[in-house]
There are 2 protein chains.
Amino acid sequence: MSRAAVRLVDVAEQAGVSLATASRVLNSSRPYGVRADLRARVLEAAEQLGYEPNHHARALAGSASMTIGLVVHDVRDAYFALVAGAVVSAAEEHGLFVTIVNTYRDPEQETKYLRLLRAQRPRAIIVAGSGFRGEAAEPILAELKQFEASGGVVVALGTQHAGHSIDVGNHDGARRLAHSLCDLGHREFAVVTGSAAMNTVADRVEGFRQGLSERGVELGESAVHYGEPTRETGRQAAERFAAARAAGAQVPTCVFGTFDLIAAGLVGGLTQAGIVVPDQVSVAGFGDVPPAADMTPALTTVRLPLEDIGRRAVELALLTEGDRQLVTVEPEVLLRQSTAAPRER
Amino acid sequence: MSRAAVRLVDVAEQAGVSLATASRVLNSSRPYGVRADLRARVLEAAEQLGYEPNHHARALAGSASMTIGLVVHDVRDAYFALVAGAVVSAAEEHGLFVTIVNTYRDPEQETKYLRLLRAQRPRAIIVAGSGFRGEAAEPILAELKQFEASGGVVVALGTQHAGHSIDVGNHDGARRLAHSLCDLGHREFAVVTGSAAMNTVADRVEGFRQGLSERGVELGESAVHYGEPTRETGRQAAERFAAARAAGAQVPTCVFGTFDLIAAGLVGGLTQAGIVVPDQVSVAGFGDVPPAADMTPALTTVRLPLEDIGRRAVELALLTEGDRQLVTVEPEVLLRQSTAAPRER
DNA sequence: CTGAAAGCGCTTACAG
DNA sequence: CTGAAAGCGCTTACAG
């Protein structure tokens, strides 16, 4: 119960061996390093003293860092919470720790925290944010490159910043969803989505458009409504649809909210306006965030295999050499009660 | 673009000053430490080289660690995601990083990760789990004490393991909820909750019981149903109530699910069994987890001021001396559509 | 197989 | 105000 933490010297002393020997035992490097009796004495001493090696010293002395940096927009967001959970679980299996930073969808914050993260000298940085396009992405990319240049590994989810990347299935998932909806009989669609500057948004919209196109349906640019990835955006869009409908305008039979939250807002807004989902309009989301299955009606959506993604991300993070990898995963379309065949008119 | 990261010597060299001087400038300690021109040169060199100090070296050399350990049951859980988000935000404001570990509601895991966390030498450990009672808690407590003995600070949420603690309001929130429900006219209650071994459960049940008692209503032990904090537990309980009701048994007019998820299951199960909420039975939850407000009917629940809790936790984590603190926060009862005055019989 | 010693990148008394 | 030097707790060639 001394004021300071137990050090390796303390262990070595108690075991009656040199520092080097104690270190070798505790690092379980090669199997035949240390004589059995010495090994036993060291282990016992460590156990007895409750010794826990100082990671800082370890990292400084050259052994690989035990931490992984995880960059998300906000852990409070269900999607990122699931990603974070998967990464933390996978990391724990490898004895690694995960340090989380929130960037709040702000490129400047992202750059700043990436830089601060470098100071921690994590073994790898996993960028789970949706990334940005164009100019905003440049300083971020620069930070990532510098991290790589100093020996760190970068894993990007859903985008190809730098380093390894995992295609989480935004494009492919939206494409498959489009197929399913067309197969249900829909031909007139609208899309309500987040900011065009986000990769996630662009990927989902493009994937959806491609999927429709493969079924012979064109999605015009005017059918895509950009906003924030929030319930409110969905609700407002719903009100506009309802108004247009009341005014006798031609209205889509199916609306795709590219985030479950948007879709939830759409369902709420339409219902409130007296439009029955899915009888009059079908609504689909993306993400399969927990409440999606429990909404009324249960939300048709796309599930990304987040657990799988987390595991793969950590595996890539552990790679010490070799070429950049590009991993793909299989998204899954979940047809539930918020979509149905369109009514004849 | 050398292979290794930029070091302080590199900066000092480029600025033409000694290591010590460079260090002083970059640590912005006392304002009048270094001559202005030297200071400027150091700053410029650092900027130019993209220097970011090595935290490991810093920590080893004696400056306070920049990381906080956060122990949760599972970040995927909405409650913990919100807590984690709040802690990460607050930490970022102080330039600190948060390392998250998941314990999966398992005392052994918790002990293990607490121990591994010690190796990271974080400045503080915030234990956000609901904690355990009795024997299971002992090794956890021992780890925490050892961490404190070696100079770390411990902050416990919702329980008083060791170190500072924040009473997150489980007891008080449930107590206030009981008042509100009694004021609505209810006199017959049932409680559906998680495992009795969890502090959260015990606190909420006890608080609820006390609140009722203060309104002259007694809650018998047989009216409390223990299970898991899941939707399924709620659903099953609902089925039992429905069966009892169909059999003509006396049934409570109001059921309190001590977790929103349980309450959601209760509402779902009751509705499915043809019992209308709140007309026939009122249901209340606890937590105000995001979907709560958007359920149909919207769920009456208790909101804990998680943002506030996160901020206070980080403040306590930063305390370097002084007595243990016990912080209290103000939970809020949110009366929504899932509760109403009981129907006369 | 084992130990003495150098070195990782910083900070901080201690001299000047 | 500034610099040379010791030391933080480890790991790892290098000798033995």
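None of these values were measured; they are calculated from a predicted model. Every chain is numbered from 1 and lettered A, B, ... according to where its sequence line falls, protein lines coming before strand lines.
No hydrogens or angles considered: nothing links the side chains of Ser195(A) and Arg105(A) as a donor-acceptor pair under 3.5 Å. Side-chain N/O atoms of Glu92(A) and Tyr104(B) include a donor and acceptor closer than 3.5 Å.
In this structure, His56(A) and His56(B) have tilted ring planes: the angle between them lies in the 30° to 60° band.
Distances were taken from every side-chain heavy atom of Leu8(B) (C-beta onward) to each of dC10(D), dT11(C), dG3(C); the shortest belongs to dT11(C). When distances are taken from the side chain of Arg24(B) to each of dT2(D), dG3(C), dT2(C), the shortest belongs to dT2(D). Checking dC8(C), dC14(C), dG3(C) against the side-chain heavy atoms of Leu60(A) singles out dC8(C) as nearest. Minimum atom distance to the side chain of Asn54(A) is reached by dG9(D), of the listed dG9(D), dT11(C), dG9(C). The side chain of Val17(B) approaches dG3(D) more closely than any other nucleotide in the set dG3(D), dT2(C), dC10(C). If you check dC14(D), dT2(D), dG9(C) against the side chain of Ala61(B), the one that comes closest is dG9(C).
Side-chain N/O atoms of Arg121(A) and base N/O atoms of dG9(C) include no donor-acceptor pair closer than 3.5 Å.
A residue-by-residue look at Thr21(B) and Arg7(A) shows that Thr21(B) has its nearest nucleotide of DNA chain D further toward the 5' end.
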Dot-bracket encoding of pairs in DNA chain D, which uses [ ] for pseudoknotted crossings and | for another strand, Watson-Crick or G-U under 3.5 angstrom: |||.||||||||.|||
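By the 4.5 Å heavy-atom criterion applied to side chains, Leu114(A) and Ile140(A) are counted as neighbours.
Going from atom CG of Asn27(B) over to atom C1' of dA13(C) covers 15 Å, rounded to whole Å.
Of all the heavy atoms in Leu319(A) and Val153(A), the pair that sits closest is O-CG1, 3.7 Å.
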Step-by-step side chain to side chain contact (heavy atoms under 4.5 Å, CB included) determination, Val127(B) to Glu110(B): CA-CA 10 Å; Val127(B) 184; Glu110(B) 185 160 339; 3.8 Å; yes
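Annotation: dG16(C) and dT12(C) have their C1' atoms spaced 16 Å apart (nearest Å).
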